[in-house]
Undergrad: 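Please find one structure pasted underneath; my questions will follow.
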There are 2 protein chains.
Amino acid sequence: MIPITPIRLTVDCVVFGLDDTDLKVLLIRRGIEPFLGSWALPGGFVLPAESVEDAARRELEEEAGVREVFLEQLFTFGEVERDPRGRVVTVAYYALVNLHDHPLTAATDADDVGWFALEDLPALAFDHDEILRVAAERLRGKVRYQPIGFELLPEKFTLSQLQGLYEKVLDRTLDKRNFRRKVLAMGILIDLDEIQQDVAHRAARLYRFDENLYRQRTERGFNFEL
Amino acid sequence: MIPITPIRLTVDCVVFGLDDTDLKVLLIRRGIEPFLGSWALPGGFVLPAESVEDAARRELEEEAGVREVFLEQLFTFGEVERDPRGRVVTVAYYALVNLHDHPLTAATDADDVGWFALEDLPALAFDHDEILRVAAERLRGKVRYQPIGFELLPEKFTLSQLQGLYEKVLDRTLDKRNFRRKVLAMGILIDLDEIQQDVAHRAARLYRFDENLYRQRTERGFNFEL
DNA sequence: CAAGCATAGTGTGCTTTTGACACTTTGTCG
DNA sequence: CGACAAAGTGTCAAAAGCACACTATGCTTG
């Protein structure tokens, strides 16, 4: 006897993006009830023929025009009363994107899309503030022992940009020399022997993240803690 | 327009237990189709009126007689083809219990219950081998930077027992003196000024885990890495 | 074209943490 | 009372972490 439960399943995505000053999160303005007109995380119902992760990617593209991103499962929120539409369980994902690579386009159930600094958020629909809080916590935890975050930067970046990213995620300042020593010791960055163009002051060297080196180090149980 | 999807939601629990020699996992023998007669993780459908975590606790008690345990969400498995009954998404949890405190009783949809060493598992129903693999990996990862695992021991325990636990979870030997130095430096153990009874050789001091001390340390950003 | 300025880039010394290592103590059992 | 099984204990050397300040470079502006 299999009970046919009226539980419905959704996905929600917390997309983190970085601009020059802030760590931001992508929100959409809802074009449908409930919470019509409220800001919310992009997301929606999982279709029977797609995996839950595929649903997250689909909704992200449909509602915000964002595609091909680093996406990781965050947590499943399964409280009974979390959605006024009835019993809805949501699987939350979080994503990291380079903000400038991903121009936003509102569509489907979204009337508008935008980036919001974490410290300056509007009121959110459903329990999305809670989901976002968990996501930010996870991001901070994760960045400490895994070199994620390269997805937030352009392909070629300077060590100062990378340090800025870590400082924004961890919300504290880091010592420049110690940071450089450590991050270079990880052995997963390639010095491109190029320098920044069009900057108003001394140009910095450019580096890129090397996925192969990262995999090699990872297999050997290397520790990426900062 | 809300699509009423035929997706159904289950929970599955990976319960780790420790006996004197091995790290074990709790399995039930299924009393219903599909996979009737196969060994599987305890679990079942989420009811509309309970939270997902409550469902996990309920199933654990119903099927195996295990209650009041440390339970943490592991991962949600949402592939389309993972269940022969149709579209079933499962939220997996993992639990840590002191094996001797939890006598097992098979009931409801389970014909039998038992503890199995991680290295000596029967074939499992559904994708439960995959779920178990993810759980073991998470446990290893977690134990390294959080002092979980006390749930696996009796309330009063010796440092050797604790070390044995870590060695079984991490699957490597640790140096006795270094281990003691580190674990005592964490400042979350209380020396009970008691010694073991009824042991065939020199009796060891007993300690207990102090939750208040743990919380204090946690709030100050203390690092529990071993 | 010189001075200013904004950011890049670089090394050292001290402190703390880690990790390897072996013997003595205690209590039980036969 | 001797053998045994596990408990308990300290040192030293290497590595890692952390605090700390100046010089280099290249553009801007007066």
Side-chain angles (χ1 to χ4, degrees), chain A residues 18-21 143-145 147 153-154 156-168 170-208 217 220-226, chain B residues 18-21 143-145 147 153-154 156-168 170-208 217 220-226:
Chain A
L18 193 75
D19 71 2
D20 299 328
T21 53
V143 86
R144 287 196 53 248
Y145 60 94
L153 294 173
K156 303 175 176 185
F157 52 84
T158 70
L159 294 185
S160 293
Q161 287 176 302
L162 184 60
Q163 179 174 349
L165 158 62
Y166 273 84
E167 291 181 337
K168 282 161 202 155
L170 297 174
D171 201 23
R172 63 192 175 92
T173 59
L174 301 170
D175 180 84
K176 182 159 55 159
R177 280 167 291 190
N178 294 339
F179 178 82
R180 283 164 186 243
R181 173 160 22 111
K182 273 204 171 174
V183 81
L184 290 175
M186 287 180 185
I188 55 176
L189 296 188
I190 292 186
D191 183 338
L192 291 169
D193 258 316
E194 287 178 64
I195 57 167
Q196 281 179 307
Q197 300 301 316
D198 304 320
V199 287
H201 307 289
R202 179 178 177 181
R205 299 185 79 81
L206 292 170
Y207 293 80
R208 72 174 172 80
R217 297 280 188 298
R220 294 185 200 154
F222 200 87
N223 186 355
F224 293 99
E225 198 163 323
L226 260 195
Chain B
L18 193 74
D19 71 3
D20 299 329
T21 52
V143 87
R144 287 195 54 249
Y145 60 94
L153 294 173
K156 302 174 176 187
F157 52 85
T158 69
L159 293 184
S160 292
Q161 288 176 302
L162 184 60
Q163 180 174 349
L165 158 63
Y166 273 83
E167 291 182 337
K168 281 161 201 153
L170 297 174
D171 201 23
R172 63 191 175 92
T173 60
L174 301 169
D175 180 85
K176 183 159 53 159
R177 282 168 291 190
N178 294 340
F179 179 81
R180 283 166 186 243
R181 188 194 334 151
K182 273 203 171 176
V183 82
L184 290 175
M186 287 180 185
I188 54 177
L189 295 189
I190 291 185
D191 184 339
L192 292 170
D193 258 315
E194 286 177 66
I195 58 168
Q196 280 179 308
Q197 299 301 317
D198 305 319
V199 287
H201 308 288
R202 177 177 180 183
R205 301 185 78 80
L206 291 171
Y207 293 81
R208 72 174 172 80
R217 297 281 188 299
R220 293 184 200 155
F222 200 86
N223 185 356
F224 294 98
E225 199 163 321
L226 261 194

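Worth saying up front: this structure is predicted, and the values here are computed from it rather than measured. In what follows, chains are A, B, ... by sequence order, proteins preceding strands, each numbered from 1.
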Undergrad: Near DNA chain C, under 4.0 Å by heavy atom, which residues of residues 170-189 of chain B?
TA: B:Asp175, B:Arg177, B:Asn178, B:Arg181, B:Lys182
Undergrad: Restricting to non-hydrogen atoms, name the atom on B:Tyr207 and the atom on B:Asp191 that form the minimum distance, rounded to 0.1 Å.
TA: CD2-CA, 3.6 Å
Undergrad: For the backbone of A:Ala203 and the side chain of A:Gln196, can you confirm whether one donor and one acceptor N or O come within less than 3.5 Å of each other?
TA: no
Undergrad: Among all residues two or more places apart in sequence or in another chain, which pass the salt bridge (Lys or Arg N to Asp or Glu O under 4.0 Å) test with A:Asp175?
TA: none
Undergrad: Kindly state which residues belonging to residues 157-167 of chain A come within less than 4.0 angstrom of DNA chain D, counting heavy atoms of the residue only, listed by number.
TA: none
Undergrad: Could you work out, with salt bridge (Lys or Arg N to Asp or Glu O under 4.0 Å) as the rule, every residue matching B:Asp19, not counting sequence neighbours?
TA: B:Lys24
Undergrad: To the nearest 0.5 Å, what is the distance between CG on A:Leu206 and CD1 on A:Ile190?
TA: 13.5 Å
Undergrad: Which pairs would a plain distance check flag for residues 156-164 of chain A, meaning a side-chain donor or acceptor within less than 3.5 Å of a matching protein atom at least two apart in sequence or in another chain?
TA:
from: A:Lys156; atom 1: NZ; to: A:Glu194; atom 2: OE1; distance (Å): 3.2
from: A:Lys156; atom 1: NZ; to: A:Glu194; atom 2: OE2; distance (Å): 3.1
from: A:Thr158; atom 1: OG1; to: A:Ser160; atom 2: N; distance (Å): 3.4
from: A:Thr158; atom 1: OG1; to: A:Gln161; atom 2: N; distance (Å): 3.0
from: A:Ser160; atom 1: OG; to: A:Arg180; atom 2: NH2; distance (Å): 3.4
from: A:Gln161; atom 1: OE1; to: A:Thr158; atom 2: N; distance (Å): 2.9
from: A:Gln163; atom 1: NE2; to: A:Glu167; atom 2: OE2; distance (Å): 3.2
from: A:Gln163; atom 1: NE2; to: A:Leu174; atom 2: O; distance (Å): 2.9

Undergrad: If a pair satisfies ring-ring contact (aromatic ring centres under 6.0 Å, His included) and one of its residues is in residues 178-202 of chain A, list it, with sequence neighbours excluded.
TA: A:Tyr166-A:Phe179
Undergrad: Please list, chain by chain and in numerical order, all residues satisfying side-chain hydrogen bond (donor to acceptor under 3.5 Å, both in side chains) with A:Asp193, sequence neighbours excluded.
TA: A:Arg205
Undergrad: With 3.5 Å as the limit, what N/O pairs link the protein to nucleotides 26-30 of chain D?
TA:
from: D:dC27; atom 1: O4'; to: A:Ala200; atom 2: O; distance (Å): 3.4

Undergrad: Output all residues satisfying side-chain hydrogen bond (donor to acceptor under 3.5 Å, both in side chains) with B:Arg172, sequence neighbours left out; order by chain, then residue number.
TA: none
Undergrad: Tell me, please, which residues at least two apart from A:Arg144 pass side-chain hydrogen bond (donor to acceptor under 3.5 Å, both in side chains).
TA: A:Glu225
Undergrad: With a strict under 4.0 Å distance from non-hydrogen atoms of chain A, what nucleotide opens and what nucleotide closes the contacted stretch of DNA chain C, reading 5' to 3'?
TA: C:dA6 to C:dT12
